[in-house]
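Comments concern the structure below.
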Amino acid sequence: MSRLPSSLPDLTASILARTSGPTCGRLRALACDLVDGALPPDDRDLAHRHLEHCPDCRSLVSRLEAASEVLLAFAQLEPGAEFTAAVLSRTRLAPPFPAPPQDRLLVGWARLMRRPRAALEAAYLATAAGLILSQVPLPGTQHPVGSALVSRVRTESRASLAGASSRVQAWTTRAKAANPIRLSHHRNSVWSARWSRLIRRIGQAWLDLSNAARKTRVRFWRQPPTSTSAPAEPSGSASRSAL
Amino acid sequence: MEPGVLLQRVGAGDELAWEAFVRQHQGRIFGLAYHYLGHAEDARELAQEAFVQIYRNRHSLPDDSGLVPWMLCITRNLCMDLFRRRKARPPTWDIPVEELGHLAAPDGDPEQQLHDQSRKELVHRALRELTDLNREMILLKDIQGLTLDEIAGLLGIPLGTAKSRSNRARLELAEKLLARGACP
Ligand SMILES: [Zn+2]
């Protein structure tokens, strides 16, 4: 060795340079946690010992510390005097918060069922449909649809329709009771759990109802009355049969 | 007023509570938008849009601890939409540095204020030189103070990735400051 190191840190550095890996790289990996106070005590102690003797790493850590302090001050900027008024005028014009779809469905149903004449209107419609059907002849025959249809509907679907309609009635009662004036969307969610339970039941009741209707239709058209020799159902009358 | 009470009153449709809410959070929303976009007027417009979206959801605001990350997420998404819709124009950072942040007490020692001013100036210049990815990490973690968990959720990345990106960004910023010679 031609020349002795002039001071102790230089000696340490030159020993480290010849014996160890990249200690500054290791410090660099710990530097952010060190600044955040998130290092375990042993690592913190070792890091501080390195910093005592390494000006480069000291500079790096001091910049990290300074930057952390200054950056926090950038979080909020003054948007200008007109900003709040501009937001308020835009939100005044914003359309009202739309109720989620399930709530809208429930509101609509509850409103419909609360109409005093709803039951009367339903009975009127059913009677009218019955009258019309009893006068329309079955395709290819002189027999009115009504006599065959009404008796089949009566015998085959009474049970399932009754079951479904009692469910519909039950959830209508609930919708009206739970929703005396108007529905509001609640943030906290005992209510929203109840809503979703109710909605599941509504869905089930609707499914039952449509299954019953389909079953009736399928059975009726698959077994035409034996007294007629009806030809295959013309497609044009399908829509009427769906009535 | 407790933050929770304010939120409840906003949720109940109290317009005065909504005004107080806007005043309380507008600096943060505008700040985030400005640091993403680099144009004060664009940031103002975008921050207003963010408040309209928040208003539309006022009946189902997150609770107090989740509120800020949620609002920042809305703002960031609007910024990303804007970047996608129009060709991103290079940020001009048109707000004078002395108007950025509130580091010094207004009645503090003038010399101290000058010192604070130059620190802000230095850090802001270094921030502008970062890559977009690194600047976003600094923006979310060191400026807005989100936790690494919240950032990972916001960006849809694993926690470990969020942590290593954040460290890399901070080191890059520190090196930019080192390269400028002065310590802020
Ligand atoms: Zn070192």
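What's counted below: heavy atoms across the whole structure, side chains too, no hydrogens, waters or symmetry copies. Here is how names work: the chains are called A, B, and so on, in the same order as the sequence lines, proteins then strands, and each is numbered from 1.
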Point to revise | Within-4.5 Å side-chain heavy-atom neighbours: Glu19(B) and Val87(A) | key: no

Exercise for review: Check whether any side-chain heavy atom of Leu77(A) lies under 4.5 Å from a side-chain heavy atom of Leu32(B), and answer yes or no.
Suggested key: no

Study note, to complete from the structure: Honestly, the part of Val22(B) sitting under 4.5 Å from a heavy atom of chain A is side chain

Review point. Can you say whether Leu173(B) sits under 4.5 Å from chain A via the side chain, the backbone, both, or neither, judging by heavy atoms?
Key: side chain

Practice item. Drop me the distance from Glu82(A)'s CD to Gln48(B)'s CD, to the nearest 0.5 angstrom. Key: 10.5 Å

Check your understanding: Which value, rounded to the nearest 0.5 Å, describes the distance between Lys120(B) atom NZ and Glu69(A) atom CD?
Key -> 12.0 Å

Study note, to complete from the structure: To the nearest 0.5 Å, atom CD of Gln76(A) lies from atom CD of Gln26(B) at 9.5 Å

Practice item. Return the minimal non-hydrogen interatomic distance between Asn167(B) and Cys32(A), and the atom names on each side. Key: OD1-CB, 3.3 Å

Check your understanding: Measuring heavy-atom distances to chain A, does Glu121(B) have an atom under 4.5 Å in its side chain, in its backbone, in both, or in neither?
Key -> neither

**Study point:** Tyr34(B) portion near chain A, given a 4.5 angstrom heavy-atom threshold
**Key:** side chain

Practice item. List the steps, then state whether side-chain contact (heavy atoms from CB on, under 4.5 Å) holds for Arg170(B) with Asp36(A). Key: CA-CA 12 Å; Arg170(B) 292 169 73 184; Asp36(A) 294 345; 2.8 Å; yes

Exercise for review: Please work out which of the three classes, parallel, tilted or perpendicular, describes the rings of Phe83(A) and Phe30(B), given edges at 30° and 60°.
Suggested key: tilted

Practice item. Evaluate the ring planes of His124(B) and Phe74(A), with Trp represented by its six-membered ring, and classify them as parallel (under 30°), tilted (30 to 60°) or perpendicular (over 60°). Key: perpendicular

Check your understanding: With a 4.0 Å cut-off, would you call Arg90(A) and Glu49(B) a salt bridge?
Key -> yes

Practice item. Using modelled atom types only, decide if a donor and an acceptor are shared between the side chain of Gln144(B) and the backbone of Ala75(A) within a distance under 3.5 Å. Key: yes

**Study point:** Arg58(A) atom CZ: more than 12 heavy-atom contacts under 6.0 Å
**Key:** yes

Review point. Of all of Arg168(B), Arg23(B), Lys141(B), Glu15(B), which one pairs up most often with chain A through heavy atoms under 4.5 Å apart?
Key: Arg23(B)

Revision key, fill the gap. Closest heavy-atom pair, Ala67(A) versus Leu177(B), reported as atoms and distance to 0.1 Å, is CB-CD1, 4.0 Å

Exercise for review: Please answer whether the main-chain N or O of Pro79(A) pairs with a side-chain N or O of Arg44(B) as donor and acceptor at a distance below 3.5 Å.
Suggested key: yes

Revision key, fill the gap. Quick note, salt bridge (charged side-chain N to carboxylate O under 4.0 Å, His left out) partners involving residues 143-159 of chain B, not counting sequence neighbours, are none

Exercise for review: Hey, could you give me the CZ/OG1 distance between Arg56(B) and Thr91(A), rounded to the nearest 0.5 Å?
Suggested key: 10.0 Å

Point to revise | Nearest-0.5 Å distance, CG of residue Leu139(B) to CG of residue Leu71(A) | key: 9.5 Å

Review point. Rounded to the nearest 0.5 Å, what separation is found between the CG atom of Leu72(A) and the CG atom of Asp142(B)?
Key: 7.5 Å

Exercise for review: Could you tell me which portion of Ala47(B) (side chain, backbone, both or neither) has an atom closer than 4.5 angstrom to a non-hydrogen atom of chain A?
Suggested key: both

